[in-house]
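Quick notes on the structure that follows.
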Amino acid sequence: MNKFMISIIAVALLATACSKKPITTINPMGQAVELSPRGLVYAVPKTSIKIKVEAQYTEVIPGPYARFAQKYLGIQNVATTRTGSWSILGVMAETYHQADPSSLFVVEPADDFAVDFLKITQEGLIIPAANFNFSSTPKFAKALPRKDEVNYVDLSPSPYIATEQTTHYSRVVQDSTFVRVPVHRSVVVERSFEDKAREAADFIFSLRKRRMELLAGDADFVAEGKAAEAVLKEISRLEEEYLTLFTGKVFSTTATHWFDYSPQANGTETSTILFRFSDSRGVLPSSDLSGSPVLITLNVVDQWEGTSVFDQLNIEKKGPRMDVVYYRMPVAVRAKIHDSKSEFLNQTFTFYQFGPMLRMPRQLINNF
């Protein structure tokens with residue numbers, strides 16, 4: 001009798017187990033036991049930031065008449081030695097979203113599980129495994145042409161050498177007496193450097209005078225229309241060219257660098273060294289200690305109210321749930337890129353990994 005009763009109970013339990021309706025389960029990847037052919041793997045998104053840094057190298061090459069600039073032109077504080085330095089022109093940033101490899105979920109759907117994953121994928125709430133795309137922006141720096149040698153060709157409007165008339169006396173016999181007779185000779189001499197500087201300065205003032213005459217209508221000829229424009233343009237070009245003999249020439253070139261940063265959500269604020277910068281070497285890797293650090297700091301701007309319920313939902317994903325999809329709610333994060341003296345970027349972006357993990361019911365997803 002006892003054996004008969006046990007057999008009836010065993011059959012009843014087996015029938016109950018067989019009649020139990022399968023449910024849809026969604027588990028973190030680490031808790032999944034197996035993945036059936038109907039199973040689905042997806043990840044919640046995380047946000048990375050792509051940063052463009054433009055730096056400029058400026059080199060000043062002194063002019064050959066630099067030490068006479070104040071004496072003949074009244075220009076002070078001109079460069080007398082060759083110098084060069086880097087500066088940061090600007091920093092721009094934009095965000096992009098990728099799958100978070102640390103937040104993978106496995107969906108084992110039941111027969112009646114009807115969720116349009118395409119809808120929530122298009123909204124960026126989840127990323128199916130087939131759409132995982134990992135990429136980074138290559139760091140690129142434009143080649144820096146250096147002015148190894150600058151030749152100042154036009155140093156003066158007059159020749160570098162001059163002819164001087166000299167007179168000396170020779171003694172000749174005339175009527176049985178010696179007479180001093182002057183002898184004139186032309187001697188070619190090289191002008192001194194200061195003489196050439198003075199001539200260049202005089203030429204600059206003559207150009208300015210000629211320009212004023214043209215503008216005032218006192219010139220010995222009348223130029224109208226495009227002719228006047230061409231004359232004034234040429235006068236300005238010559239003036240600028242001769243001024244560089246005193247003030248020097250400035251050469252600039254730019255270099256563009258790219259950085260990718262994918263922060264980890266450790267609290268509401270995170271900061272790290274993005275790169276280093278040196279006045280003499282420009283943008284450097286963060287590992288190069290010869291430059292001063294440039295930091296990127298991220299601060300969560302606004303926290304969602306009632307975050308305690310979000311924490312409870314984070315705990316819920318440890319166990320199987322029916323007809324739900326876990327996703328992340330993005331939050332606003334302020335990004336600052338700065339060093340100890342200057343702030344290069346201050347902008348607000350949307351980040352996923354700083355937001356809470358939520359779940360969405362099937363009915364809401366179908367009506368999304």
Side-chain angles (χ1 to χ4, degrees), residues 46-64 66 75 77-98 133-153 236-237 240-241 243-264 269-299 333-351:
K46 70 173 182 178
T47 304
S48 299
I49 186 169
K50 179 171 63 175
I51 302 158
K52 177 183 178 182
V53 180
E54 286 194 357
Q56 182 181 61
Y57 182 74
T58 302
E59 187 174 15
V60 179
I61 301 177
I75 302 177
N77 301 322
V78 298
T80 57
T81 58
R82 184 170 183 167
T83 59
S85 63
W86 283 94
S87 61
I88 296 179
L89 287 181
V91 176
M92 293 178 288
E94 62 180 9
T95 56
Y96 60 97
H97 308 304
Q98 291 179 313
N133 183 20
F134 301 98
S135 62
S136 62
T137 303
K139 296 181 180 179
F140 170 77
K142 184 179 179 180
L144 175 64
R146 176 180 172 83
K147 297 293 181 181
D148 294 327
E149 191 66 32
V150 175
N151 294 321
Y152 291 91
V153 180
S236 297
R237 187 193 68 81
E240 181 64 27
E241 185 69 22
L243 276 174
T244 59
L245 297 176
F246 296 88
T247 60
K249 293 185 178 181
V250 179
F251 298 94
S252 298
T253 186
T254 58
T256 303
H257 303 263
W258 297 90
F259 299 92
D260 283 283
Y261 178 54
S262 183
Q264 300 296 326
E269 179 177 351
T270 180
S271 183
T272 189
I273 297 177
L274 183 63
F275 61 90
R276 293 180 181 268
F277 182 77
S278 170
D279 292 339
S280 59
R281 300 178 60 195
V283 176
L284 303 171
S286 58
S287 58
D288 193 333
L289 301 181
S290 63
S292 58
V294 176
L295 306 175
I296 179 170
T297 302
L298 302 178
N299 289 281
V333 175
R334 183 174 298 278
K336 295 182 180 179
I337 299 178
H338 59 94
D339 59 9
S340 59
K341 299 178 181 179
S342 305
E343 185 177 84
F344 307 108
L345 179 76
N346 190 334
Q347 192 172 350
T348 300
F349 299 96
T350 299
F351 275 79

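Just so we're clear, the structure is a prediction, and the values are computed from it rather than from any experiment.
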For [X] and [Y], which heavy atoms make the closest approach, and how far apart are they?
X: Ala93; Y: Leu345; answer: CB-CD2, 3.7 Å
X: Ser286; Y: Leu274; answer: CB-O, 4.2 Å
X: Leu284; Y: Phe275; answer: O-CB, 3.4 Å
X: Ser290; Y: Asp288; answer: OG-OD1, 2.6 Å
X: Ala79; Y: Ala66; answer: O-CB, 3.6 Å

Within-4.5 Å side-chain heavy-atom neighbours: [X] and [Y]:
X: Phe344; Y: Val294; result: yes
X: Ile75; Y: Leu243; result: yes
X: His338; Y: Leu295; result: yes
X: Ile296; Y: Ile49; result: yes

Nearest 0.5 angstrom please: [X] [atom1] to [Y] [atom2], how far?
X: Leu298; Y: Thr348; atom1: CG; atom2: OG1; result: 11.0 Å
X: Thr297; Y: Lys336; atom1: OG1; atom2: NZ; result: 8.0 Å
X: Thr254; Y: Gln56; atom1: OG1; atom2: CD; result: 7.0 Å
X: Lys46; Y: His97; atom1: NZ; atom2: NE2; result: 13.0 Å
X: Lys50; Y: Asp260; atom1: NZ; atom2: CG; result: 7.5 Å
X: Asp339; Y: Arg276; atom1: CG; atom2: CZ; result: 12.0 Å

Let's go through Val78 and Phe246 carefully: what are the C-alpha distance in whole Å and the side-chain angles of both, what is the deciding distance for side-chain contact (heavy atoms from CB on, under 4.5 Å) to 0.1 Å, and is it a yes or a no? CA-CA 8 Å; Val78 298; Phe246 296 88; 5.9 Å; no
More than 12 foreign heavy atoms under 6.0 Å from CD of Gln264: is that the case here? no
Would you call the rings of His257 and Phe259 parallel, tilted or perpendicular if under 30° counts as parallel and over 60° as perpendicular?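 Rings of His257 and Phe259: parallel, as their planes differ by under 30°.
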Whether the side chain of Ser292 engages the backbone of Phe277 through a donor-acceptor N/O pair (distance < 3.5 Å, no angle test) should be reported.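 At least one qualifying donor-acceptor pair exists.
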Dump the intermediate steps for side-chain contact (heavy atoms from CB on, under 4.5 Å) on Glu241 and Lys249, then the final yes or no. CA-CA 9 Å; Glu241 185 69 22; Lys249 293 185 178 181; 4.0 Å; yes
